[in-house]
Amino acid sequence: MTGDADPTPSPRTAPAPAVIHEGLPTQLPDIDPDETQDWIDSFDALLDERGRERARYVMLRLLERARQKQVGVPALRSTDYINTIPPEREPWFPGDEDIERRIRAFIRWNAAVMVSSANRKGLEVGGHIATYQSSASLYEVGFNHFFRGKDTPSKGGGVGGDQIFIQGHASPGIYARAYLEGRLTEQQLSRFRQEVQHGVGQGLPSYPHPRLMPDFWEFPTVSMGLTAINSIYQARFNRYLHNRGIKDTSEQNVWAFLGDGEMGEPESLGAIRIAAREELDNLVWVINCNLQQLDGPVTGNGKIIQELEANFRGAGWNVIKVIWGREWDELLARDVDGVLVNQMNTTPDGQFQTFSVEDGAYNREHFFGPDPRLRKMVEHMSDRQIEKLPRGGHDYRKVYAAFDAATKTTGQPTVILAHTIKGWTIDSLEGKNATHQMKKLTMADLKKFRDRLYLPISDRELETTYADTGTAPFFHPGAKSPEIEYMMERRRALGGSLPQRVVRATPLQLPGDKMYADLKQGSGKNKIATTMAVVRMLKDWMKDPEIGKRFVPIAPDEYRTFGMDAMFPSAKVYDPAGQTYESVDRNMLLQYKMSPQGQMLHEGISEAGAVASATAAGSTYSTHGEHMIPFYIFYSMFGFQRTGDSIWAMADQLARGFLIGATAGRTTLTGEGLQHADGHSPLIAATNPAVVHYDPAFAYEISHIMRSGLERMYGTGGPEGNGENVIFYLTVYNEPVSQPAEPEDVDVDGILRGIHKIGTAEGDGPRVQLLASGVAVPWIDDAAQILREEWGVAADTWSVTSWNELARDAVAAEDWGLLHPGEAPRTPYVTERLTGADGPVIAVSDYMRAVPLQIARWVPEDYRVLGADGFGFADTRPAARRFFRIDAQSVVVQALQALADAGEIDPSLAEKAFTQYRIDDPTAVAGVLQEGGDA
Ligand SMILES: Cc1ncc(C[n+]2csc(CCOP(=O)(O)OP(=O)(O)O)c2C)c(N)n1
Ligand SMILES: [Mg+2]
C-alpha cells in the first residue's frame with residue numbers, strides 16, 4: 001500500500017458521525033432516488049396501516065425472496081425462535097414411529113439404571129444420567145436412519161461409512177443400545193466404571209476411550225471442545241485424502257454431537273470458519289441445547305440457540321434450528337399477530353428452563369398468560385396438554401427432517417441446534433439445576449420413570465431386584481422381539497453396528513539401510529542444526545516410492561523457520577481451491593505453491609488445529625484402513641505446553657506419528673525469551689504414556705531414532721504384528737553444531753534405549769562421567785577437554801538420547817521386582833550401562849533439572865544434575881547458559897566439586913575453578929556473538 005501524507009486536520013466541530021448500518025449502500029450512488037423513495041413510502045404505509053408485526057413479516061419475506069433470486073443481500077444473523085424447517089417442508093418419516101419409541105424407551109431405561117446402579121451404596125463411581133435422556137432422540141434417529149457403519153461399501157476401499165463423534169458423557173445411552181444389540185452383556189452394563197476390579201478390561205469405561213475399548217470407541221470426546229475441533233479437522237482430512245487420490249471419501253460423513261455448555265470452550269467455535277471456508281458439507285454438528293451445563297443454565301439471561309445461530313451463520317454454516325415439537329405447529333399456524341413468536345423470541349433461557357419443570361397451569365399463566373391473544377390461543381387445551389408441549393429435539397420427526405436436510409446440503413457444513421430438556425422423561429431430574437448431583441434413582445423415581453416409558457416391568461420385580469442388589473433390573477425384550485429385529489435390520493441396512501473401531505491397514509513396506517546412509521556421514525567442516533537433519537530425513541522419506549505419499553507434513557505457519565519452504569514447490573501446500581491468484585513469488589525458485597493435491601498441511605496459526613490434523617492423519621489406519629504418517633513440526637513450547645490435552649486425546653485415539661519440537665531448549669532459541677524457550681516439554685511428554693521422547697544430539701542418532709519410529713509404528717511389531725500405538729516426539733534445535741560421522745562401533749541399541757557412550761577418556765587421574773542430551777552434548781565435550789587439559793581429570797562422555805525412556809525402563813524393572821518377590825531383580829538399563837563407570841556422574845541438558853533427575857534413583861554413583869530451571873528470557877546463548885549454569889565451565893566446576901566431595905581431589909581446586917570462570921556471573925560471557933535464532 002502506498003501511504004498518504006498526514007490526513008487533513010479535522011475541523012473543530014466535526015459533523016455528527018453518520019450511523020452506518022452494515023450492508024447498507026451508504027457510499028454507492030443512488031441512480032434513481034425517486035424510485036427509492038417510492039419503495040420507502042410503501043413500506044411506511046404498510047407500517048402505519050398494518051402495524052409492526054405485519055411490516056416485519058413482509059420484510060423477512062422480501063429478504064427471503066431476494067436470496068431465492070440470488071440477489072446478494074447480506075444474510076440475517078439470526079432468525080425467529082422457531083424451527084428452521086416448516087412443517088410443510090418436512091419429509092415423510094420412513095420409520096415405524098411406534099417401534100422406535102419403544103426402542104428409545106428400552107435404551108433410556110437401561111442407560112439410567114446403569115448409572116444409578118454404579119452409584120449404589122459402596123460403589124458410587126459417578127456418571128451422567130441426564131445428558132443422554134436429553135439427547136436420546138437425536139442419537140436414535142441417527143442410528144436408525146442415517147449413520148453408516150463400517151461395512152458400508154467404500155468406493156475407495158479400506159473402511160467406509162460415517163465417523164461419529166459422540167458427546168462423551170452420553171456414553172451410557174450408547175452402551176445401552178449396544179446391549180440391546182447383543183454387543184455388550186448385562187454383566188458388562190453392571191460394571192460401568194469398574195474397569196479393573198472384575199478383571200482388567202471386564203468393565204465399561206466412563207466415557208468414549210478407544211485406548212480402553214479399542215474395538216468399540218473410535219473417537220475420544222470427553223474433554224470439552226476437542227470433539228468440535230477434531231471433527232472439523234477429521235472432515236477436512238477426509239477431503240485431503242480424497243483430493244490427494246489416496247482414498248475416495250466422497251460418501252463419508254462426519255457427525256459430531258456436542259453440548260451447548262461445551263460451546264463455551266474456545267476450541268468449540270475457534271475453528272468453525274475453517275469448515276465453512278473449505279466447504280465441508282461432509283460435516284454435520286448436532287448441538288444438544290438443553291440450556292444447561294453441570295451447575296445450571298448455559299446462558300440463563302440470554303438465548304444460547306440464538307447466540308450460536310448468529311455465530312454459525314456469520315461463519316458461513318448452514319444452520320438448522322429444531323426448537324419445537326410438532327404439537328406447537330398448530331399454535332404457530334394460528335399466530336396471525338406474531339404474538340406467540342414474539343413471546344418465544346423474548347423469553348430468556350432461564351425462564352424456559354423454569355417452564356420445563358413447572359406444570360401446565362404455570363405455563364398457561366406465565367408463558368401464554370400475559371397477552372390475551374396468547375391465552376386465547378391455548379384456551380381449548382387442558383393444563384396437561386400444555387405441560388406436554390414438547391421441545392423439538394425430542395420429536396424424532398422434526399429431528400429426522402433436520403438430519404435429512406443436513407445430509408442433502410451442499411457447499412456448507414451444517415449445524416443442527418436442537419432444543420431439549422436435560423433429564424427428559426425422568427421426572428425427578430428434568431430441567432433441575434442439580435441434575436448432575438442426582439446419580440441414584442429412588443424406588444419412587446424408578447416407578448414413575450417406568451410408567452412414563454410404558455415398560456412391562458412389574459412393581460414386584462422392581463422391588464425384589466432393588467432389595468437384593470440395591471439397583472433396578474435391566475430390560476431386554478429378547479433378541480427375537482420385533483423391536484430388536486427392527487433395530488438390527490436398520491443397522492444391517494446401514495452397514496453394521498456403531499460405534500465400532502476397526503483396523504484394516506496392514507504394515508507398510510519400509511525403506512532399508514540406503515535411505516539412512518546420508519545422515520550418518522556427518523557434516524564434515526560444516527555445522528548443521530538437528531532441526532535441519534530431521535527435515536532432511538523427512539525429505540528423503542517423502543521421495544520413497546512406497547511410503548513417500550503417506551507423509552503428512554503439518555505446521556502452523558512456521559515452515560520457513562524450519563527450512564521447509566524448500567518443499568513448497570514440489571510437495572505444495574494443500575488447499576482444496578488450488579491457487580486462484582498469481583503468487584507474489586511466482587518467479588522465484590522457492591515459490592509458495594498451493595494445490596488441491598498439496599501434501600503439506602499449513603494450518604494457519606492454530607496449534608490446536610495442527611494437533612487435530614495430526615490426530616486425524618495418525619488414526620487413518622483405523623478410521624480409513626490406510627496408513628498415513630503425520631509429521632507435525634512445531635515451534636518450541638507451543639506444542640506440548642499449548643496443546644498437551646489435545647496430544648493426550650491423540651494418544652487416547654491410538655493415533656501414531658511424529659511430533660517434532662523444533663527450536664527446542666531453554667537457551668538455544670536465542671532472543672525469544674520467556675514465553676518461547678522450551679525448557680520442559682520432555683517432562684510434559686513423559687506424562688503421556690503413548691509418547692516416546694528422544695532428545696538426540698547428532699544426525700546419525702536421528703537416523704536410527706526416526707527409522708525406529710517408522711518401524712515401530714508402521715512395521716510388523718507390536719502386540720498384533722501391526723505396529724505399536726505410540727507417538728514419536730523428537731526435540732531438535734536450531735543451533736548449528738558439528739555433526740560427527742557415525743562411529744564404526746555405533747551402539748544402536750543404546751541410542752534407542754536412551755544412552756550410549758560417545759567418549760572414553762584416555763589416561764589416569766580422577767575420573768568423572770558426564771551425561772548430556774541434545775544440544776548439551778557439545779557442552780560436555782568441551783567440559784571433558786577442559787577437565788583434561790586444565791585440571792587433570794579424565795571424563796567419559798555419554799549422549800543420553802532419552803531420559804524419559806531410561807526412566808520408564810527403570811520404573812518397569814522396579815515394578816517387575818514388586819510382582820516377582822523372591823526372584824532375582826531386573827537391572828534397569830541405565831544402571832547396567834553406568835555400573836563400573838568410574839567416578840561421580842554429572843548430567844546436563846537444556847531443560848529443567850527434573851528431566852535428568854527422572855533417572856536419579858538408578859544411577860549407581862553420586863549423581864548431580866545441572867539444568868535450566870525457571871523462566872527463560874532473551875539473551876545470547878552463552879549468556880543464557882552461564883545464567884542457568886549449564887555451560888561447559890559450569891559442568892567443569894560441578895565435576896570438580898563432586899570429586900572434592902568424594903575426597904578424590906583437593907577442595908581448593910573446585911573453588912579455584914569457580915573463581916577463575918566467574919561461574920555466577922553472566923557478564924563473564926557477555927558480548928560473545930552468536931548466530932541469531934528468532935522467528
Ligand atoms: C475440558 C473439560 N472441562 C470440564 C469437563 C467436565 N464436564 C463434563 S460434562 C460438563 C458439562 C457439559 O455441559 P453441556 O456441554 O451443556 O452438556 P450436557 O450434559 O448439558 O448435554 C462438564 C463441565 C470436561 N469434561 N471437559
Ligand atoms: Mg447442556
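Values below: all heavy atoms of this structure, side chains included; hydrogens, waters and symmetry mates excluded. One-based numbering, in listed order, for ligands and for the atoms of each.
Taking backbone and side chain together, Asn290 holds an N, O or S atom under 2.8 Å from the Mg ion (ligand 2). At a cut-off of 2.8 Å, Gln292 coordinates the Mg ion (ligand 2) through an N, O or S atom. Note on Asp260: counted as a metal contact of the Mg ion (ligand 2), an N/O/S atom lying under 2.8 Å.
Between Ser134 and ligand 1 there is no heavy-atom distance shorter than 4.0 Å.
Comparing heavy-atom distances from atom 1 (C) of ligand 1 across Glu265, Met263, Gln133, Gln292 singles out Glu265 as nearest. Comparing His128, Glu262, Gln293, Gln167 by heavy-atom distance to atom 17 (O) of ligand 1, the nearest is Gln167.
Of the inter-residue distances, the one linking Thr623 atom OG1 with Gln163 atom CD reads 5.5 Å to the nearest 0.5 angstrom.
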Does Lys321 form a salt bridge (Lys or Arg N to Asp or Glu O under 4.0 Å) with Glu309? I'd like the steps, not just the answer. CA-CA 8 Å; Lys321 295 196 290 194; Glu309 176 184 38; 2.9 Å; yes

Test Tyr400 against Phe146 for ring pair (Phe, Tyr, Trp, His ring centres under 6.0 Å), laying out the working first. CA-CA 9 Å; Tyr400 180 88; Phe146 292 93; 5.2 Å; yes

Mind running salt bridge (Lys or Arg N to Asp or Glu O under 4.0 Å) on Asp652 and Arg211 for me, showing each step along the way? CA-CA 5 Å; Asp652 190 350; Arg211 265 270 155 202; 5.8 Å; no

Tell me, with the steps shown, if Glu90 and Lys398 meet salt bridge (Lys or Arg N to Asp or Glu O under 4.0 Å). CA-CA 7 Å; Glu90 280 171 24; Lys398 302 284 182 199; 2.4 Å; yes

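Closest protein heavy atom to atom 14 (P) of ligand 1: Gly261 N, 3.6 Å.
Listed by atom number, the atoms of ligand 1 under 4.0 Å from Asn288 heavy atoms are 21 (O). Near Leu294, meaning under 4.0 Å from any of its heavy atoms, are these atoms of ligand 1: 7 (N), 9 (S), 10 (C), 11 (C), 22 (C), 23 (C). Of all the atoms in ligand 1, the ones that sit under 4.0 Å from a non-hydrogen atom of Asn290 are 18 (P), 20 (O), 21 (O).
Among the atoms of Val298, none of the N or O lies under 3.5 angstrom from an N or O of ligand 1.
The cationic group of Arg193 does not satisfy the cation-pi geometry with Tyr175, failing either the under 6.0 Å distance to the six-membered ring centre or the 45° limit from the ring axis.
Across Arg108, Arg491, Arg177, a single residue satisfies salt bridge (Lys or Arg N to Asp or Glu O under 4.0 Å) together with Glu140, and that is Arg177.
Ion pairing between a basic and an acidic side chain is recognised when a charged N comes within 4.0 Å of a carboxylate O; Arg236 and Glu603 show such pairing.
Residue contacts with ligand 1, taken as heavy atom pairs separated by less than 4.0 Å, involve Asp260 via backbone and side-chain atoms alike.
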